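Read the structure below first, then the notes.
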Amino acid sequence: MSVRKLKPITPGQRFRVVNGFDAITTDKPEKSLLAPLKKTGGRNSQGKMTTSHRGGGHKRRYRVIDFKRDVQGVAAEVKSIQYDPNRTAFIALLEYKGGEKRYVVAQNGLQVGQKVVSGEKAAPEIGNALFLKDIPLGTIISCIELRPGQGAVMARSAGTFAQLMAKEGKFVTIKLPSGETRLILANCLATIGAVSNSDHQLLVSGKAGRSRWLGRRPRTRPVVMNPVDHPMGGGEGKSSGGHPRSKNGIPAKGFRTRSKTKDSNRYIIERRKK
């Protein structure tokens, strides 16, 4: 993984830092694993805007990702590492013995030609998917299930990873990327290794237009709005609008929104960092 700083030949490229794409091996996706992706522009089924600052953006097609890794005990060969416009991580194209192809989220260090396998008899090596009960303590893992058979839901974005801390009975203790420590059932699947493209956090877009290509519209500061538009709007001159909160009136910057009566609270050993 590497990044490149461009020469300042235009104002938009003066501060721009781009991905080197060293790990990418092809720029043509697998056609059988593509699906259409409809744009919403932040509107719901009634056409009302429910999410601000969405719209436009380059046309994309969805890459169907295998988060469940349910072909167990069969080795698959990594055919290519590819860019996915729908996520920050890179993806890997796997081909099984019967010719079946699937996309998975690529881990750091995954190489073309490498064999990966999932299931009970898999070795704890990069790219393999194992049950948490079979993974050695202290191992770096990613793409973790929260419920058996659900498919990976945690530690899926670029550069993220969790660590297996302890095993006790039918639960294991995991330290998540947020800093939260929680219990997860030992028969959930996880993939060995950290997620690829860890340099994603170093990228600098360089100009507003690149955000528009990603489907993000300009954001207006709440302080400069009118009282009818936002709880922080209004006032004369530069007087700002009281305590920071969202458009719906929910306090921001430190206010905890997780329900105190949520059933899964008992599985959280230590809350995430403030």
Side-chain angles (χ1 to χ4, degrees), residues 37-58 60 62 65 67 85-89 105 142-147 150-163 173-185 188 195 200-205 208-274:
L37 198 60
K38 190 178 179 183
K39 290 185 186 295
T40 63
R43 273 79 172 170
N44 64 8
S45 58
Q46 296 177 310
K48 294 181 179 178
M49 188 182 286
T50 55
T51 308
S52 308
H53 320 122
R54 297 274 179 93
H58 200 286
R60 299 174 179 177
Y62 183 70
I65 308 289
F67 287 116
N86 305 299
R87 66 193 70 252
T88 55
V105 172
S142 56
C143 297
I144 308 161
E145 288 183 332
L146 198 53
R147 293 190 292 274
Q150 178 190 20
V153 293
M154 295 185 291
R156 294 185 346 188
S157 61
T160 56
F161 61 88
Q163 192 170 18
T173 305
I174 300 283
K175 190 174 179 71
L176 294 169
S178 63
E180 178 177 295
T181 304
R182 68 164 290 150
L183 298 173
I184 299 176
L185 283 167
C188 288
V195 181
H200 175 76
Q201 60 179 343
L202 304 175
L203 303 186
V204 180
S205 64
R210 290 189 64 80
S211 288
R212 300 306 298 266
W213 299 343
L214 296 173
R216 300 183 191 131
R217 294 181 62 227
R219 173 182 168 273
T220 305
R221 291 177 299 124
V223 165
V224 301
M225 294 183 184
N226 291 319
V228 69
D229 300 316
H230 201 280
M232 292 166 64
E236 295 293 326
K238 288 199 171 183
S239 60
S240 58
H243 297 290
R245 54 187 65 241
S246 73
K247 199 167 187 176
N248 299 326
I250 299 169
K253 296 187 178 179
F255 181 74
R256 295 195 166 186
T257 57
R258 186 179 173 89
S259 171
K260 292 178 182 177
T261 59
K262 203 165 187 177
D263 192 47
S264 59
N265 281 346
R266 57 185 169 165
Y267 300 119
I268 297 176
I269 298 170
E270 188 180 345
R271 284 294 303 269
R272 63 186 174 88
K273 303 185 197 83
K274 289 184 182 179

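Side chains are part of it too, since the values below use all heavy atoms of this structure and drop only hydrogens, waters and symmetry mates. Index from 1, following the sequence. Everything numeric in this text was worked out from a predicted model, so none of it was measured.
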Non-hydrogen side-chain atoms of Ile268 and Glu180 separated by less than 4.5 Å: yes
Would you find a donor on one side and an acceptor on the other, under 3.5 Å apart, between the side chain of Arg43 and the backbone of Gly41? yes
Can you check side-chain contact (heavy atoms from CB on, under 4.5 Å) on Ile250 and Phe255, steps first, answer last? CA-CA 8 Å; Ile250 299 169; Phe255 181 74; 4.1 Å; yes
Is there a side-chain contact between Val153 and Phe67 in this structure, where contact means two heavy atoms from C-beta onward sitting under 4.5 Å apart? no
Heavy-atom side-chain contact between His230 and Ser246 under 4.5 Å: no
Please confirm whether the backbone N or O of Gly47 pairs with a side-chain atom of Asn44, one donor and one acceptor, at under 3.5 Å? yes
When you measure from the side chain of Lys39 to the backbone N and O of His58, does any donor-acceptor pair fall under 3.5 Å? yes
Might you confirm whether atom CZ of Arg245 has over 12 heavy atoms from other residues, nucleotides or ligands at distances under 6.0 Å? yes
Taking every heavy atom of Arg212 against every heavy atom of Pro218, the minimum-distance pair comes out as NH1-CD, 3.6 Å
Drop me the distance from Leu214's CG to Ser205's OG, to the nearest 0.5 angstrom. 8.5 Å
To the nearest 0.5 Å, what is the distance between CD1 on Ile144 and SG on Cys188? 9.5 Å
Do Asn86 side-chain atoms and Arg60 backbone N/O form a donor-acceptor pair below 3.5 Å? no
Between the side chain of Thr181 and the main-chain N/O of Lys175, is any donor-acceptor distance below 3.5 Å? no
Distance-only donor-acceptor check, side chains Ser264 and Arg258, under 3.5 Å: yes
I want to check something: taking the side chain as every heavy atom from C-beta on, are Glu270 and Arg182 in contact at a cut-off of under 4.5 Å? no
Is the shortest heavy-atom distance from the side chain of His53 to the side chain of Arg216 under 4.5 Å? no
Given side-chain contact (heavy atoms from CB on, under 4.5 Å), test Glu145 with Arg147 step by step and report yes or no. CA-CA 6 Å; Glu145 288 183 332; Arg147 293 190 292 274; over 6 Å; no
For Ser157 against Ala89, the heavy-atom pair lying closest together: C-CB, 4.4 Å
Between the side chain of Ser211 and the main-chain N/O of Arg217, is any donor-acceptor distance below 3.5 Å? no
Side-chain (Arg156) to main-chain (Ala152) donor-acceptor, under 3.5 angstrom: yes
Between Asn226 and Gly233 (side chain of the first, backbone of the second, donor and acceptor by atom type, cut-off under 3.5 Å), is there such a pair? no
Apply the side chain to side chain contact (heavy atoms under 4.5 Å, CB included) test between Met154 and each candidate in Ile184, Thr160, Ile174; give the one that qualifies. Ile184
